[in-house]
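The next block holds one structure in the form of structure tokens; read it before the comments.
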Amino acid sequence: MAIQKNAPAVGGVHSFKLPDVGEGLVDAEILTWFVKPGDEIAVNQMICEIETAKAVVELPSPFAGTVKELLVEEGRTVDVGTVIITVDDGTGGDGAAAPAEEEREKPLVGYGEKAGATQRRTRRRPEPAGPVSPAPAARPAPAPAPPVAVAPAPVASQGRPLAKPPVRKLAKDLGVNLATVAPSGSGGIITRDDVHAAAQGAPADPEPAAVSGERATAAPAAADRSARERRVPVKGVRKATAAAMVGSAFTAPHVTEFLQVDVTRTMKAVARLREHPDFAGVRVSPLLMVAKALLLAVRRNPEVNSSWDEDAQEIVFKDYVNLGIAAATERGLVVPNIKDAGAKPLPQLAAALKELTDTARAGKVTPADMSGGTITITNVGVFGVDAGTPILNPGEAAILAFGQIRDMPWVHKGKLKIRKVTTLSLSFDHRLVDGELGSKVLRDVGAALEDPELTSLAWG
């Protein structure tokens, strides 16, 4: 990701603007600062954690030197291009601004500029979040407003408190300062239980309540009601997901079909594969088998792997499959996808699925992980649910819901027996997929799960 920035000041003070992390995002929330004024930092050292509309991302610094100012406080959402931190490289000088010209900065580690990126819609210029040096002029400019003072958060004796992003989010919501929490996790990591214990043992920080939108009221009845209510701002991943789901539900004409399937043989195959050396170190689950069955169905019915281009009035058929897996996280629903899943043999697909789920649970999914999906699976069975009518992931033609596997009476070879049974639900965009095609896809998924050995040659 190449960043446009103002030329460095003569005095060696660099301004770091909030960058677009590669997916055309327009704003982000500053979750956590990893540095404070006076800290010495190196190039590509992680300086803060931000939440975009798609993911939580850590930002590296393109500059080395001493942190001069933090211009945006934690919890504030600012536009891309807003100066969020200044760094003094130590070269000295009077701090006068250099001529107002633009230069290209080297890409930050971990991000890249997409080839053939589309033009971005015009946006209002973001207001500066801190002091702006006056441009050279004959007449004096008025003194700038003082920058927002950011009190450095207390840190543990050995540095920043160790906690995973969901735990940090919980602490923020409960008004708990992580620096004051005694960790009980392995390696000194703060757990959710630690945060809850701290919240119960001390009064909550009043500032998060103000940020979260809780309102103090004078009337006794209203005060009693508000004391039993909790308000949380809709932002970040949850806000983007909500907008996407509403847009999908009221743009694409949804149709959902259901199929009950005897997966007894699939469950036996799962047990055998778990003992196979090719699957050592990865988790073989029923979800893996459903994913492979869907990929097989897409191979047989490629028209389902398509999208509707409203602007061009074209149907886009895709000769690759980026398989999305819906995952519920602390920050809301995310749908990262396995790139070129259709070209992976079963052991590689198992490894990719494990990596994807581990990344989602750790809260480290990036915007790139969630971009470019072509068809999706949502596993509602893990919540003890039999079936549902899933909403399409925007830009995709179909989504498959996989229900819980239960022991049920089933007619097998002419006799009533107890078998392992699940329910599959396929929602599809009726502009792209008619009833015949949708039924074929669902039936092919079911057939592969009913007799996985029969289709093993096609699986690869």
Side-chain angles (χ1 to χ4, degrees), residues 166 237-238 240-242 244-249 252 254-264 266-267 270 283-298 304 321-338 341 349-350 352-354 356-361 363 365 369-370 373-408 410 419-429 433 438-439 441-450 452:
V237 174
R238 192 174 297 277
T241 300
M245 292 297 99
V246 171
S248 176
H254 284 59
V255 174
T256 304
E257 294 186 340
F258 302 86
L259 179 66
Q260 277 195 317
V261 180
D262 177 359
V263 292
T264 305
T266 286
M267 297 306 293
V270 167
R283 182 172 182 266
V284 179
S285 67
L287 177 61
L288 170 65
M289 310 301 278
V290 173
K292 196 60 180 179
L294 178 59
L295 293 171
L296 173 60
V298 170
V304 77
V321 182
N322 291 345
L323 181 62
I325 305 295
T329 72
E330 293 281 349
R331 299 183 183 277
L333 179 71
V334 296
V335 189
N337 61 78
I338 301 173
L349 183 65
L353 183 60
K354 179 181 184 300
L356 179 146
T357 53
D358 289 348
T359 301
R361 288 170 182 167
V365 175
D369 294 331
M370 294 188 288
T374 64
I375 195 166
T376 295
I377 294 175
T378 178
N379 183 6
V380 298
V382 296
F383 307 114
V385 174
D386 292 329
T389 55
I391 296 178
L392 294 168
N393 205 32
E396 300 177 12
I399 179 172
L400 179 71
F402 167 41
Q404 67 173 325
I405 298 173
R406 298 197 298 153
D407 289 336
M408 294 183 62
W410 195 265
R419 304 285 287 181
K420 300 289 185 181
V421 178
T422 191
T423 301
L424 304 174
S425 313
L426 184 72
S427 290
F428 48 88
D429 185 339
V433 181
S439 300
V441 171
L442 189 57
R443 181 62 256 175
D444 283 347
V445 173
L449 294 173
E450 285 176 342

- Item | Closest heavy-atom pair and its distance - Val365, Pro336 | CG1-CB, 4.1 Å
- Item | Spacing of CG belonging to Leu353 relative to CD1 belonging to Ile377, to within rounding of 0.5 Å | 8.5 Å
- Pairs meeting criterion salt bridge (charged side-chain N to carboxylate O under 4.0 Å, His left out) with involvement of residues 387-397, two or more places apart: none
- Query: What are the two closest non-hydrogen atoms of Val433 and Gly438, and how far apart are they?
  - Reply: CG1-N, 3.4 Å
- Going by heavy atoms in the side chains, are Thr266 and Lys420 under 4.5 Å from each other? no
- Residues two or more places apart in sequence or in another chain: which of them pass side chain to side chain contact (heavy atoms under 4.5 Å, CB included) with Val255? Phe428, His430
- Query: Could you give the distance from CG (Asp429) to NE2 (His254), rounded to the nearest 0.5 Å?
  - Reply: 7.5 Å
- List for me each residue that meets salt bridge (Lys or Arg N to Asp or Glu O under 4.0 Å) alongside Arg283, sequence neighbours excluded, and say none if there are none. none
- Query: Excluding sequence neighbours, so at least two apart, what forms side chain to side chain contact (heavy atoms under 4.5 Å, CB included) with Val380?
  - Reply: Thr378, Val385
- Query: CG of Leu442 to CG of Leu400: how many Å apart, nearest 0.5 Å?
  - Reply: 7.0 Å
- Note on the structure: Residues passing the side-chain hydrogen bond (donor to acceptor under 3.5 Å, both in side chains) test with Thr264, sequence neighbours excluded, are Asp262, Arg419
- Message: Testing the basics here: between Gly446 and Val261, what is the closest heavy-atom pair and its distance to 0.1 Å?
- Response: O-CG1, 3.6 Å
- Taken in chain and number order and not counting sequence neighbours, the residues that satisfy side chain to side chain contact (heavy atoms under 4.5 Å, CB included) with Ala341 are Leu295, Leu323, Ile338, Leu349
- Message: I'd like to check the side-chain hydrogen bond (donor to acceptor under 3.5 Å, both in side chains) partners of Arg361; sequence neighbours left out, ordered by chain and number.
- Response: none
- Item | Student check: side-chain heavy atoms of Ile399 and Asn393 closer than 4.5 Å | no
- Message: Ser427: which residues meet the side-chain hydrogen bond (donor to acceptor under 3.5 Å, both in side chains) condition with it, sequence neighbours left out?
- Response: Thr256
- Is the backbone N or O of Gln404 less than 3.5 Å from a side-chain atom of Thr422, with the two atoms forming a donor-acceptor pair by type? yes
- Message: Could you work out, with side chain to side chain contact (heavy atoms under 4.5 Å, CB included) as the rule, every residue matching Asn337, not counting sequence neighbours?
- Response: Asn322, Lys339
- Item | Leu449 and Leu424, any side-chain heavy atoms less than 4.5 Å apart | yes
- How would you list, by chain and number, every residue that makes a side-chain hydrogen bond (donor to acceptor under 3.5 Å, both in side chains) with Asp444, sequence neighbours excluded? Asn301
- Apply salt bridge (Lys or Arg N to Asp or Glu O under 4.0 Å) to Glu257 and list each qualifying residue two or more places apart in sequence or on a separate chain. none
- Message: Which residue in the set Val270, Val290, Ile405 passes side chain to side chain contact (heavy atoms under 4.5 Å, CB included) when paired with Val263?
- Response: Ile405
- Find the distance between CG (Leu356) and CG (Asp369) and round it off to the nearest 0.5 Å. 7.0 Å
- Task: For the pair Ser425 (side chain) and Gly388 (backbone), establish whether a donor and an acceptor sit closer than 3.5 Å, ignoring hydrogens and angles.
- Result: yes
- Heavy-atom closest pair (Ala326 atom, Thr376 atom, distance to 0.1 Å) is N-CG2, 4.3 Å
- Message: Quick check: closest heavy atoms across Val304 and Ala398, and the distance to 0.1 Å?
- Response: CG2-CB, 3.8 Å
